[in-house]
Structures are given as C-alpha cells and as structure tokens.
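Worth knowing before you read on, the calculation uses all heavy atoms, side chains too, and leaves out hydrogens, waters and symmetry mates.
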Amino acid sequence: MNKNNYCVIMAGGIGSRFWPMSRNAKPKQFIDILGSGQTLIQQTYNRFTDICPEENIFVVTSDSYVELVSKQLPKLKPNQILAEPQRRNTAPCIAYAAFKIASINPDANLIVAPSDHVITQERVFHDVILKGLKFTAEQNRLLTIGIQPSRPDTGYGYIQFMPEENSQANPILKVKTFTEKPNLEMAKSFLKSGDFLWNAGIFVWNAKSILNAIKEFQPDIYSLFDEGQQKYNTPEEDAFIQRIYALCTNISIDYGVMEKAKNVYTLSTDFGWSDLGTWKSLYEHLPHDAHENAILGDQVMIENTNNCIIHISKDKLALIQGMENFIIVDTENVLLICRKDDEQQVRNMVNEVKIKKGEKYT
C-alpha cells in the first residue's frame, strides 16, 4: 500500500433533505439508513482502508460531531479528526485538510470524498480510485470523478468533457465546463449529447496541486491557512483554527477552484454510485415489495398502497391505506408525509419548521 496515499472524508453536513431522520444532532452520515448494520460514514471509512494506510485517513467534521465520529470510527486518533468551528462549505474544509496533511507529508496524494454516498460496486470503485491516484501522483492535475449518467437527473451537477478525448481506452478526460443542478430540459439535452457526466463530488489530486490552485483562485483562504504552517499537528492547531475559520469565505471547491482552473480532468466511470441526497434516491437502493413499496420497519401493514417509501420505527405498528407515490417517515416526534415528486421541497419545509417551531424538531 502506497504510504503517500491519503484520504479526506468530509462529514460536516446536516443532510436536511433527509429530514426528519437526519437531524442537526445526528445527521444522515451517522445513521444506518440502508439497514446494512453500518452507518454511512462507517461504510465510507471501510471503503478506503484498502487504498490508504489507516493512519492516513482523516475526517473533517463539525466540532459538534467529533464525539460521534470518534464513537463510530474508533480506530481514528484524535489528530485524524479535523473539527470545523463553523460551516464554511468545501473550499475551506479541503484547504484545512490539505495544509494539515502536507505538513505531515509534502508528497501526499489525496482522495477527497463525502461521507454519505452509496457505492454498490466496491471493487470497481477501488480500481478507479487507484487509477486516479496514479494519474495525479506526480502531475499538476486536478481530477474529479464523473459518473456515466443513466437518466436526466435534475438533482445532480454535471461535468462536460472534451468529446474528442472520449474513448474506452482513455477514461480520463479534460473538463470543458461544470453545470450545477439543471432543469429537466437541460438535463435531457446533456444526456442526449453524450459528453456530460454526473459530478460525484469525489476528488483526487496531490497536496501541492490543490494548494497551488487554492492559492491562485482563493488567495484569501490560502493566506489564512498558510499562517498556521508551524501550528498544524501541534497543540496550537485547535486554537488557530478556531480563530481563523470565521474569517474564511463560505464557498464550495467546485465554484471556488474547479470551475476556474485549467488543469481539471474527469475520470468517466460507473461503480453503482448515488449521493443518497434524497428519500427518492434511498428508495432506489432498497428492496421493493410486489407493489413497488420500499419499507423500513417491522410492524408496517399496508393496503392498496403502491410506489411508496415507508420508514417507521421498528417497534411502532403502522397501518397505511390508499397511498401512491408518497414518502412516509415517522420518528419519535415528527411525522413526514410528502409526495415523492415534491421531495425537493423537504429542505424548505425544514426551514419553515425551524422558523415556526424552533430547533426542537430539526
């Protein structure tokens, strides 16, 4: 195993579109959403143990989730958990991790991945990431993983690659443009063109390349973290991060760096990926009954109910009749009933709940 391979797992989000199962106190990455016996962050960590030495796996999370990370990933040492005092999107998160790891190993080659994605073809994923690491090890290249799209999905960002470079023999392609979540007509045109991929939000690059890119395109963020060169991996690190984080621009690595840089490539692949961002995406990953219902719960009785995702706590009896294409989620103090086609409104609902009912239910 290559000692220069490092992994950064981003685990600071709150997963509001998975409300009411995902809450501020315990977001979806810390929940066994699939009923597999492992939480999403545990699955993600285990996915990388064959690619990186365990001491080279780092988790960036909110300081309020450090205890959850430690409990669910007990092999991590305290120095491997990077606590963010505020949420500042992915550019500061990645800058922090890159500076910290580069201070340990200037030749580090990094994979950066979210903690809450589902990957069903683990062996293919393993081979893809190793191919990406080989590509970036000694080159000034920024690589993003692109998923071959199977439908015109409006919930994903898209990567357009240079079509003349596309071939099975050359799955690593120069990126032309990035597009955030498009409308349906645009998504259909992307799929028809054949030169667009879904943006998986998984990155591969060496530490020098990403730090140089942040320095060029986000110099304010770079200069803040550069001040701590003598503090990373020392007892002074926490106080330093507490001081500078509020000063960081709130910006994603996609918008802040990837859309601006000229040395960006994508690796076209398909390894059974889902960002598991919504209830509908979870529905697609669960077994269905004869009426196309996906049911999580031991005491659920249904009649004349079709194409629903139903999540009921295991000890609660639920009788559901006459429902079609609904999301039904029952937790200790919240019941959500929402049309599957309207699931993108869940995040707005959470904001309304916060305004009208306070933090108790979010």
Side-chain angles (χ1 to χ4, degrees), residues 1-10 48 51-60 79-82 84 88-114 128-146 159 171-175 178 199-234 236-237 240-241 244-245 248-249 251-267:
M1 194 176 296
N2 192 325
K3 63 181 177 59
N4 289 336
N5 289 348
Y6 286 75
C7 176
V8 177
I9 299 172
M10 299 181 291
F48 287 111
I51 296 172
C52 306
E54 289 187 348
E55 63 271 20
N56 290 5
I57 300 177
F58 291 75
V59 175
V60 189
N79 189 51
Q80 292 172 263
I81 303 175
L82 286 64
E84 295 182 288
R88 285 293 183 268
N89 217 314
T90 53
C93 157
I94 289 169
Y96 178 16
F99 268 102
K100 181 179 174 72
I101 292 170
S103 73
I104 299 169
N105 182 353
D107 298 320
N109 205 16
L110 312 180
I111 314 139
V112 179
V128 164
I129 295 302
L130 288 180
K131 185 178 294 183
L133 286 166
K134 184 178 180 181
F135 177 75
T136 62
E138 296 178 358
Q139 300 185 76
N140 182 29
R141 306 278 178 86
L142 307 177
L143 184 68
T144 182
I145 303 300
I159 304 165
I172 298 180
L173 311 162
K174 189 82 163 61
V175 170
F178 289 90
N199 188 350
I202 300 170
F203 307 101
V204 185
W205 43 49
N206 65 59
K208 295 185 183 76
S209 294
I210 188 58
L211 288 175
N212 286 338
I214 293 170
K215 184 177 184 179
E216 181 176 359
F217 300 110
Q218 297 299 319
D220 291 345
I221 292 176
Y222 181 91
S223 63
L224 284 169
F225 286 99
D226 189 47
E227 291 175 22
Q229 289 281 13
Q230 305 306 315
K231 297 179 171 62
Y232 296 114
N233 305 296
T234 75
E236 299 177 67
E237 179 180 329
F240 168 71
I241 293 299
I244 68 158
Y245 232 79
C248 286
T249 306
I251 191 169
S252 71
I253 198 71
D254 294 271
Y255 184 72
V257 173
M258 301 297 280
E259 293 183 16
K260 297 176 170 60
K262 304 300 182 187
N263 58 335
V264 179
Y265 290 76
T266 184
L267 201 166

Go through the steps for Ile111 and Asn5 under the test side chain to side chain contact (heavy atoms under 4.5 Å, CB included), then give the verdict. CA-CA 8 Å; Ile111 314 139; Asn5 289 348; 5.5 Å; no
Non-hydrogen atoms of [X] and [Y] that approach each other most closely:
X	Y	value
Gly201	Met10	O-CE, 4.4 Å
Gly146	Thr266	N-OG1, 3.3 Å
Ile221	Ala95	CG2-CB, 3.9 Å
Gly256	Phe217	O-CB, 3.5 Å
Phe225	Pro92	CZ-O, 3.6 Å
Cys52	Ile57	CB-CG1, 4.2 Å

When Val204, Leu110, Val128 are each screened for side-chain contact (heavy atoms from CB on, under 4.5 Å) with Leu133, the one that passes is Val204
From [atom1] ([X]) to [atom2] ([Y]), nearest 0.5 Å:
X	Y	atom1	atom2	answer
Leu173	Leu267	CG	CG	8.0 Å
Ile51	Ile129	CD1	CD1	6.0 Å
Thr90	Met258	OG1	CE	10.0 Å
Glu84	Tyr245	CD	OH	3.5 Å
Lys208	Ile210	NZ	CD1	14.0 Å
Phe240	Leu224	CZ	CG	7.0 Å

Donor-acceptor pairs under 3.5 Å, side chain of residues 137-145 to any protein atom, not counting sequence neighbours: which ones?
residue : atom : partner : partner atom : Å
Gln139  : OE1  : Arg141  : NH1          : 3.3
Gln139  : NE2  : Phe135  : O            : 2.6
Asn140  : OD1  : Ser209  : OG           : 3.2
Asn140  : OD1  : Asn263  : ND2          : 3.3

List the residues meeting side-chain contact (heavy atoms from CB on, under 4.5 Å) with Ser223, not counting sequence neighbours, and say none if there are none. none
Can you sort out the partners of Asn212 under side-chain contact (heavy atoms from CB on, under 4.5 Å), two or more places apart, ordered by chain and number? none
Which residue, Thr136, Asn2, Asn206, forms the side-chain hydrogen bond (donor to acceptor under 3.5 Å, both in side chains) with Asn109? Thr136
Crowding at NZ, Lys131 (>12 non-hydrogen neighbours, <6.0 Å): no
Around atom OH of Tyr255, are there more than 12 heavy atoms of other residues, nucleotides or ligands at under 6.0 Å? no
I'd like to check the side-chain hydrogen bond (donor to acceptor under 3.5 Å, both in side chains) partners of [X]; sequence neighbours left out, ordered by chain and number.
X	answer
Tyr232	none
Gln230	none
Asn56	none

Which donor-acceptor pairs under 3.5 Å do side chains of residues 97-106 form with protein atoms, sequence neighbours excluded?
residue : atom : partner : partner atom : Å
Lys100  : NZ   : Asn79   : O            : 3.4
Lys100  : NZ   : Asn79   : OD1          : 2.7
Lys100  : NZ   : Asn233  : OD1          : 2.9
Lys100  : NZ   : Glu237  : OE1          : 2.8
Lys100  : NZ   : Glu237  : OE2          : 3.2
Ser103  : OG   : Lys100  : O            : 2.6
Ser103  : OG   : Asn233  : ND2          : 2.7
Asn105  : OD1  : Asp107  : N            : 2.9
Asn105  : ND2  : Asn4    : OD1          : 2.8

Report the residues that fulfil salt bridge (charged side-chain N to carboxylate O under 4.0 Å, His left out) with Glu55, sequence neighbours left out, ordered by chain and then residue number. none
Beyond-backbone contact of Val60 with Val8, side-chain heavy atoms, under 4.5 angstrom: yes
Is there any salt bridge (charged side-chain N to carboxylate O under 4.0 Å, His left out) pair reaching into residues 253-264, and which pairs are they, with sequence neighbours excluded? none
Quick one: ring-ring contact (aromatic ring centres under 6.0 Å, His included) partners of Phe203, sequence neighbours excluded? Trp205
